[in-house]
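Start at 1 and go down the list; that is how both ligands and their atoms are numbered. Please read all numbers here as calculations on a predicted model, not as lab measurements. The basis for the numbers below is simple: all heavy atoms, side chains too, and nothing from hydrogens, waters or symmetry mates.
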Amino acid sequence: MLYSTLVDSYKKLESTTKRLEMTDILVELMKKTTPSDLEKVIYLTQGKMHPDWTGEPELGIAERTATEAIARAAGINKKDIEALLAETGDIGHAAEKAMSSKRLKSLGERRLSVADVYEAFDKIAKESGKGSNERKIERLTSLIADASPLEARYILRTVTGALRLGVGDMTILDALAIAYTDSAENRDILERAYNLTSDLGFVARRLAESGLKGIENVKAVVGKPIRMMLAQRLSNPEEIIDKLGGKCSAEFKLDGERFQIHKKGEDVKIFSRRLENITHMYPDAVELSLNYLKVTDAIVEGEAVATDPDTNEMRPFQTLMQRRRKYGINEMMEKFPVTVFLFECLYIDGEDLTLSPYSTRRQRLKEIVAETDRFKIVRALETSKTLELEKFFEEAITEGCEGLVVKSTGEDSIYRAGARSWLWVKLKRSYQSKMVEPIDLVVVGAFHGRGKRAGSYGALLMAAFDPDEDVFKTVCKVGSGFTDEDLDKLPKMLEPYKRRDRHPRVNALLEADIWFSPSIVIEVLGDEITLSPVHTTAFNVIRENSGLAVRFPRFTGKWRVDKSPEDSTQVGEIIDMYKAQLKTIPKEGIEGL
Ligand code: AMP
């Protein structure tokens, strides 16, 4: 398949923000793609070479390096390329313009295939060590020299990590279902395979090679992260028991980091909730898994909490986040070792347990774990009584937990990979008339700062996730709660996600000064949830022409690096919080804005 075919689709994708149109364009593209190229086409369309969790080297070429390669390929002075770049702010356009000014290609010259481009990218990504930058420039130069101007645009955007076509995973799954099975309804079957493997390329290849039957047989694979099951939220213990069919198993909700541990013989990998491979940051957890998981192969899940090595007391979440670093890992490990509290068993020695009920999974977990102080199974209470649940909750809070995750014990209590399901309901401290509980929001834009904040941002535009529409909806502007240090690092931290215009998956009425691709998630606490005509969260849901907003929001100091944008608080949760407030405070108290 020619790279130009792929690039033509990119161009079309860029011209729309409508999901249905994007799907049609992708279907057309997939129909033209040979099964052997399909995997590459999918990764490339997502702007990468592999699923994020593989740990394989990715591209991430610096703009300076890219500029040098364009200059060499086009035979133009580097200064001129820099001027082009300054003019458009887009390295892709700069490359396209530079290459257009070059002589026209003569007939018979080689045309790039998708495989050529992927292979060249792979070699560039894998260059390392002394002199690697120069070798990258050389490889990139020769790739650009073989490309048409339009191809150069997308090659440059891809290598610099700036290819943002706004195509979500679910849109790709829709398109695969239509292209290969002629029915969008089969999307759910594909989605389950994706949820089990977190690898769209793998799912696509399997579909192309062995059809829907092959997809139905996909099982959990040790080494490929399973997309994690998440909990719904309710504030009333009685309601929770009702919702779960009259009985449940309540588990302590630890305030740490979710670990999905994959053990294959002597090899252990740990994945975070956003499916990053975080193994290297937690050598202590690797060792614990090797020592206390009594089977050859297993996939288990739990929450890792930083512990005081002297007192064995649990430390707050922020302490654990200090373990997320590139350097000084051993030193930090000694200072704050982790305790792993296990709550799931998804796979044992060739047996996929994701479709087994809760009680079976918990029983199997007990069988395969040799519990110790630092590696143990999370406390649980099976009950059907509200009072017992309330007492257990208070106990959890006293022990330093966030609350409970209350789980269904019914026949259908499978592990719903990738879903925020009603089989799990979290119970945190109650909603009083105030918003006592922080929420996690994603940064989608910013406003210029003035005075003391000149040069940084005055406020950030924050959004919640709407899974039904697969978009992010704004819910507040946050300006307070940032320390001077936070303010200093914000522009740098957000730089890679900067865009000229609103991201296609961001739904906003406000015009931000700067827009970002949704990526960074922070924790925000406000005083209450109010109706607001300027924010798009729950727009027209409670009242016509109003959305919901967080009033007096402030940053709590927690950078939720463990959460992906899709893990941020959902629009539905904010609606529930608003409704819960209505029950406890007089109406006029919350409606003003
Ligand atoms: P939240 O981050 O508020 O949506 O709560 C869900 C998170 O709670 C999960 O992703 C886990 O990281 C964490 N958690 C802590 N204890 C448990 C537990 N016993 N069962 C499930 N999740 C838990």
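- Lys224 pairs by the side-chain hydrogen bond (donor to acceptor under 3.5 Å, both in side chains) definition with Asp199, not counting sequence neighbours.
- Checked against the 6.0 Å centroid criterion, the rings of Phe259 and Tyr282 qualify as a close aromatic pair.
- Contact annotation: the side chain of Val561 approaches that of Arg324 to within less than 4.5 Å [non-hydrogen atoms, C-beta and beyond].
- Taking a 4.0 Å cut-off on heavy atoms, Phe341 fails to register as neighbouring ligand 1.
- A cation-pi arrangement is present between Arg560 and Phe317 under the rule of less than 6.0 angstrom and at most 45 degrees off the ring axis.
- The protein heavy atom nearest to atom 8 (O) of ligand 1 is Lys253 NZ, 3.1 Å.
- Among protein heavy atoms, atom 9 (C) of ligand 1 sits closest to Arg258 NH1, 3.3 Å.
- Of the listed options Arg273, Glu344, Arg233, Met228, Arg273 places a heavy atom closest to atom 2 (O) of ligand 1.
- At least one heavy atom of Lys407 lies less than 4.0 angstrom from ligand 1.
- Cation-pi check for Lys498 over Trp515 is not met; the charged atom does not lie both under 6.0 angstrom from the ring centroid and within 45 degrees of its normal.
- Numbered from 1 in the order shown, with element, the atoms of ligand 1 that lie under 4.0 Å from a heavy atom of Val405 read 17 (C), 18 (C), 20 (N), 21 (C), 22 (N), 23 (C).
- The contact set between ligand 1 and Trp424, taken as ligand atoms under 4.0 Å from a residue heavy atom, comprises 21 (C).
- Atom 16 (N) of ligand 1 has its nearest heavy-atom neighbour, among Leu254, Asp440, Asp255, in Leu254.
- Remark: aromatic rings of His262 and Phe271 are close, center separation under 6.0 Å.
- Taking the charged nitrogens against the carboxylate oxygens, Arg362 and Glu367 have no contact shorter than 4.0 Å, which rules out a salt bridge.
- Ligand 1 places these atoms under 4.0 Å from at least one heavy atom of Lys563: 2 (O).
- The nearest heavy-atom contact from the protein to atom 13 (C) of ligand 1 is Glu303 OE1, 3.2 Å.
- Screening Asp562, Asp440, Asp567 for a salt bridge (Lys or Arg N to Asp or Glu O under 4.0 Å) with Arg273, the sole residue that qualifies is Asp567.
- For atom 1 (P) of ligand 1, the closest heavy atom belonging to the protein is Lys426 NZ, 3.3 Å.
- For Glu257, the heavy-atom gap to ligand 1 stays at 4.0 angstrom or more.
- Atom numbering of ligand 1 starts at 1 in the shown order; those under 4.0 Å from a heavy atom of Phe252 are 16 (N), 17 (C), 18 (C), 19 (N).
- Between Asp188 and Arg192, no side-chain nitrogen of the basic residue sits less than 4.0 Å from a carboxylate oxygen of the acidic one, so the salt-bridge criterion is not met.
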Could you go through Lys243 and Trp422, starting from their C-alpha distance and side-chain angles, then the distance that decides it, and tell me whether this counts as side-chain contact (heavy atoms from CB on, under 4.5 Å)?
CA-CA 8 Å; Lys243 190 92 194 170; Trp422 281 107; 3.6 Å; yes

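- Every atom of ligand 1 with a heavy atom of Lys428 under 4.0 Å away is listed here by number and element: 3 (O).
- Scanning the protein heavy atoms around atom 18 (C) of ligand 1, the nearest turns out to be Phe343 CD2, 3.5 Å.
- Residue Leu230 places no N or O, backbone or side chain, under 3.5 Å from any N or O of ligand 1.
- Residue-level proximity to ligand 1 for Glu402 is absent, since no heavy atom of it falls below 4.0 angstrom.
- When ring centroids are compared, Phe375 and Phe341 stay outside the 6.0 Å threshold.
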